[in-house]
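Structure first, commentary second.
Values in this document were obtained by computation on a predicted structure and should not be read as measured data. These values consider heavy atoms only, across backbone and side chains, with no hydrogens, waters or symmetry-generated copies. Numbers restart at 1 for each chain; the letters A, B, ... are given by sequence-line order, proteins then strands.
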Amino acid sequence: MCGELRGGDAGAHVTLMGWVNRRRDLGGLIFVDVRDRTGLTQVVFDPERDSMLHAKAGGLRNEFVIAVAGKVAHREAKALNPGMPTGEIEVVAEDLRLLNTSDTPPFSPADAALPTEETRLQYRYLDLRRQSMQRNLELRHRVALAMRQHLASQGFLEVETPFLTRSTPEGARDYLVPSRIYPGSFYALPQSPQLFKQILMIAGTDKYFQIVRCFRDEDLRADRQPEFTQLDLEMSFPTQERVFEAVEGMLQAVWEAAGVAGVKGPFPRMTYDEAMRLYGSDKPDRRLPAMADVREAFAPEHLQTLNIAAGLPVLAIRIPGVGELSRRERDELKPLLPARSGSRLFEDAKRLEKSFPEAMRQVRELAAVAEGDLLVLVAGADFKAAGTLRVALGERFAARHKAFSGDIRHAASYDFLWVTDFPMFEWSEEDGRWMAAHHPFTSPHESDMEAVIAQRALGSVRANAYDVVLNGMELGSGSIRIHRQDVQAAIFRALGMTDEEARNRFGFFLEALRYGTPPHGGIALGLDRIVMLLAGAESLREVIPFPKTTKAVDLMVDAPTSVSEAQLKELGIQVRKSST
RNA sequence: GGGGACGUAGUUCAGUUGGUUAGAACGCUGCCCUGUCACGGCAGAGGCCGCGGGUUCGAGUCCCGUCGUCCCCGCCA
């Protein structure tokens, strides 16, 4: 193929089929770069060899589809192009067939400069012809293949689960699909195959996995699409450690398939509490230093002078290698601390130094501050806000500390981490009730079961839930599940569901739990995110062939659209004209 | 739901304090060119300045609204 010819192929007769990437018409000689999925090869048309053929080549335009037969030839020394993999050779054309013409494209896949996202998505087929996009598609293929091969080798079975399923109004908004046979009834597209995979465990499947599309009707981000792909897996009779091993082994295989050797388990572990205390985040990016509580460095009168309420933590955030900040740069740090936190930011360490030299000496020691490090202090109980600031500072000064600029081809650039012991419940102000922090099928710690049943101190109940985190991004999330019907019922009650509501929503599942459910647990990993990180991409759209915009629109096919009155009638649906 | 950035030629962008005929590069068309590889040279075509309204003698430029793309907060069990 076009990208594969090398010096050793000289003399061979080949036929290349592909697109005209670029043509260079010198009046006499015409050079045409032919492109296919694998790369480019230069084809030369010489009028002295074949004037008819040369004339035909003169009519070629960008993105025409052609088949060229010819002889692979070494280029002369002065014509070598070390800048391209096929730069040692060229194909001397002997025959040319025009397989198809092309309108002048709105942009050329040959250009390095990208058009706007809008144009790329509208003409996605042209955008995908771009070599970097072809590379990403291939990477995605290799990642998925490695997952399947590795898991299959470990005795996992890939099993498909339905897309047309039932709405479970816990969690994200569902995408609904109206039923024609039962007007007024709807299927929901799965947010994840959670209950099906648990039922597969009940069914004795033992080790299950699936590369599966999931759907969530929530607002989008650079790393969130309304439909996305998970590597979903579940095991019977596992300990948390067994799940970790399975995932670590698989990720090692995936990274190797992507050309990165040396990723190895076991990954470091950290509890949720530690993560929040040290990083103010449940997905710590450990490529930058942890925060340190330096309150003890300040005497009570210092805290009073600084107007810091007694008992609040004073968190030191250190970003290495930033150097001196200008007054203006310092002023720009203030808005990075979320305003609603009630925390206060001290961004001018120098000034504090003048007022409290001894205290600041201790701060420097506690936070291991070195020359050239940026040091800011955050006073307040909101660790999460401080963590947000820490990440924002890390991003802002990424060019200076360089902790994020590791080579994506080296294992050392990937900081994997397990975060464990998540809280079971979170209080929702909006709904005025406890919500499942992970999902309601997660088993609480055995030692916290009493609290669950008594519905006491639900906020401090720990779950057997865990996330796998990579460079500050959540790659996957899982748990050891509840396998006892009475425990599951107790959790539903703690979530404010009456037994009747629980039966209505999850009756089929509570029923299934009665028939000899084995202990089980698993995890789901975001395939798109994994490929994105391995591709060094900033957005999921780079690794999803046909993604949607932030308003969940497919610009190429123009979806969603309204449908005909007849279609609606058949479904028993009437659309209300929005009058607001 | 909220905040921010952007919207001008096919594409990427520039456009001064509101001023007369809206520019550049790439692409496109034609001509010239035998070792280019982002080929080069000459000439040319190409505009609903996102859309609607307002202010003004006059709006690409100012104001209001609206639509779209991107980023962030909320949301995403």
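Of the listed nucleotides (B:U34, B:C76, B:C37), B:U34 has the atom at the smallest distance from the side chain of A:Pro47. You'll find that the side chain of A:Glu90 is closest to B:G35, out of B:G35, B:C37, B:U69. Side-chain proximity of A:Val553 to the nucleotides B:U69, B:U29, B:C39 is greatest for B:U69. Residue A:Asn62 places its side chain closer to B:C28 than to any other of B:U29, B:C28, B:U34. The side chain of A:Arg23 approaches B:U29 more closely than any other nucleotide in the set B:U69, B:U29, B:U34. Closest to the side chain of A:Arg24, out of B:C75, B:C70, B:U36, is B:U36. When the nucleotides B:U34, B:C71, B:G74 are ranked by their closest atom to the side chain of A:Arg221, B:G74 comes out on top. Among the nucleotides B:U12, B:C70, B:G30, the one closest to any side-chain atom of A:Pro115 is B:U12. For A:Thr104, the listed nucleotide lying nearest its side chain is B:C28; candidates were B:U12, B:G74, B:C28. Here B:U69 is the nucleotide among B:U69, B:C71, B:G35 with the atom lying nearest to any side-chain atom of A:Glu118.
Taking atom C1' on both B:G27 and B:C39, the two are 16 Å apart, rounded to the nearest angstrom. Nucleotides B:A59 and B:G50 place their P atoms 15 Å apart, quoted to the nearest Å. Nucleotides B:G7 and B:G46 are separated by 25 Å at their P atoms, to the nearest Å. One P atom belongs to B:C49, the other to B:U8, and the distance between them is 11 Å to the nearest Å. Comparing the P positions of B:C75 and B:U12 gives an interatomic distance of 35 Å, to the nearest angstrom. Comparing B:C13 with B:G47, their C1' atoms are spaced 15 Å from each other, to the whole Å. Rounded to the nearest Å, the gap between the P atom of B:A45 and that of B:C64 is 40 Å. Look at the C1' atom in both B:U11 and B:A38: the space between them is 15 Å, to the nearest Å.
Nucleotide B:G30 forms a Watson-Crick or G-U wobble pair with B:C42, both donor-acceptor distances falling under 3.5 Å. Pair assignment for B:U11 gives B:A25, based on Watson-Crick or G-U wobble hydrogen-bonding distances that are each under 3.5 Å. Checking B:G68 for Watson-Crick or G-U wobble geometry (two distances, each under 3.5 Å) identifies B:C6 as its partner. In this structure, B:U17 forms no base pair with any nucleotide, since neither Watson-Crick nor G-U wobble geometry is met with both distances under 3.5 Å. When both pairing distances are held under 3.5 Å, B:C75 makes no Watson-Crick or G-U pair with any nucleotide shown.
In this structure, CD of A:Glu538 is placed 10 Å from P of B:C72, rounded to the nearest angstrom. Note: CZ (A:Arg22) to P (B:G27) measures 8 Å, nearest angstrom. As rounded to whole Å, 14 Å separates atom C1' of B:C73 from atom CG of A:Leu337. Between the CG atom of A:Leu475 and the C1' atom of B:C76 there is a distance of 17 Å, rounded to whole Å. Rounded to whole Å, atom P of B:U36 lies 21 Å from atom CG of A:Leu60. Rounded to a whole Å, the NZ atom of A:Lys551 is 9 Å from the P atom of B:C70. Rounded to whole Å, atom C1' of B:A38 lies 18 Å from atom CZ of A:Phe107. Distance CG (A:Leu29) to C1' (B:G40): 14 Å, rounded to an integer number of Å.
For the pair A:Arg124 and A:Met133, the minimum side-chain heavy-atom distance is below 4.5 Å.
Within 4.0 Å of A:Glu48, counting heavy atoms only, lies at least one base atom of the nucleic acid. Using a 4.0 Å heavy-atom criterion, one finds that A:Thr119 contacts the sugar-phosphate atoms exclusively. Nucleic acid contact class of A:Asp217 (heavy atoms, under 4.0 Å, all strands): none. When heavy atoms are screened at a 4.0 angstrom cut-off, A:Gln191 is found touching no nucleic acid atom at all. In this structure, A:Glu117 reaches the sugar-phosphate backbone alone: every heavy-atom distance under 4.0 Å involves primed, P, OP1 or OP2 atoms, never a base. Residue-level contact check: A:Ala113 touches neither bases nor backbone, having no heavy atom under 4.0 Å from any strand. Using a 4.0 Å heavy-atom cutoff across all strands shown, A:Phe31 reaches at least one base atom of the nucleic acid. Using a 4.0 Å heavy-atom criterion, one finds that A:Ala437 contacts the sugar-phosphate atoms exclusively. Looking at heavy-atom distances under 4.0 Å, A:Pro106 makes contact with sugar-phosphate atoms alone, never a base. Within 4.0 Å of A:Leu195, counting heavy atoms only, lies no atom of the nucleic acid at all. At the heavy-atom level, A:Arg541 lies under 4.0 Å from the strands shown only through sugar-phosphate atoms.
Taking 4.0 Å as the cut-off between side-chain N and carboxylate O, A:Glu347 and A:Arg330 do not count as a salt-bridged pair. In this structure, A:Arg213 pairs ionically with A:Glu227, as a charged nitrogen and a carboxylate oxygen lie closer than 4.0 Å. A salt bridge is defined here as a Lys NZ or Arg NE, NH1 or NH2 lying under 4.0 Å from an Asp or Glu carboxylate O, and A:Arg396 with A:Glu332 meets this definition.
Put simply, the side chain of A:His74 never gets that close to the backbone of A:Ala10: no donor and acceptor are under 3.5 Å apart.
Side-chain to base pairing of A:Asp33 with B:C37: no donor and acceptor N or O lie closer than 3.5 Å to each other. Scanning atom types as modelled, one donor and one acceptor separated by under 3.5 angstrom connect the side chain of A:Asp219 and the base of B:G74. Counting atom types as modelled, A:Arg75 pairs a side-chain N or O with a base atom of B:C37 as donor and acceptor under 3.5 Å. For A:Arg224 and B:C75, a side-chain-to-base donor-acceptor distance below 3.5 Å is present, hydrogens and geometry of angles not being considered.
Using modelled atom types, one finds no donor on one side chain facing an acceptor on the other under 3.5 Å when comparing A:Gln230 with A:Ser192. Inspection of the A:Arg481 and A:Ser479 side chains reveals an N or O donor paired with an N or O acceptor under 3.5 Å. A donor-acceptor pair shorter than 3.5 Å cannot be found between the side chains of A:Glu118 and A:Gln122.
With A:Glu63 as reference, A:Arg35 is the one residue of A:Arg22, A:Arg35, A:Arg23 to meet the salt bridge (charged side-chain N to carboxylate O under 4.0 Å, His left out) rule.
Heavy-atom minimum distance, A:Leu176 versus A:Ala188: CD2-CB, 4.0 Å.
Side-chain N/O atoms of A:Arg120 include none lying less than 4.0 angstrom from OP1 or OP2 on B:U11. In terms of phosphate contacts, A:Ser108 brings no side-chain nitrogen or oxygen within less than 4.0 Å of OP1 or OP2 of B:U11.
If you find the closest nucleotide of RNA chain B to A:Arg173 and to A:Lys548, the one lying nearer the 5' end belongs to A:Lys548. Residue order along RNA chain B, read from the 5' end via each residue's closest nucleotide, puts A:Leu220 first among A:Leu220 and A:Pro440.
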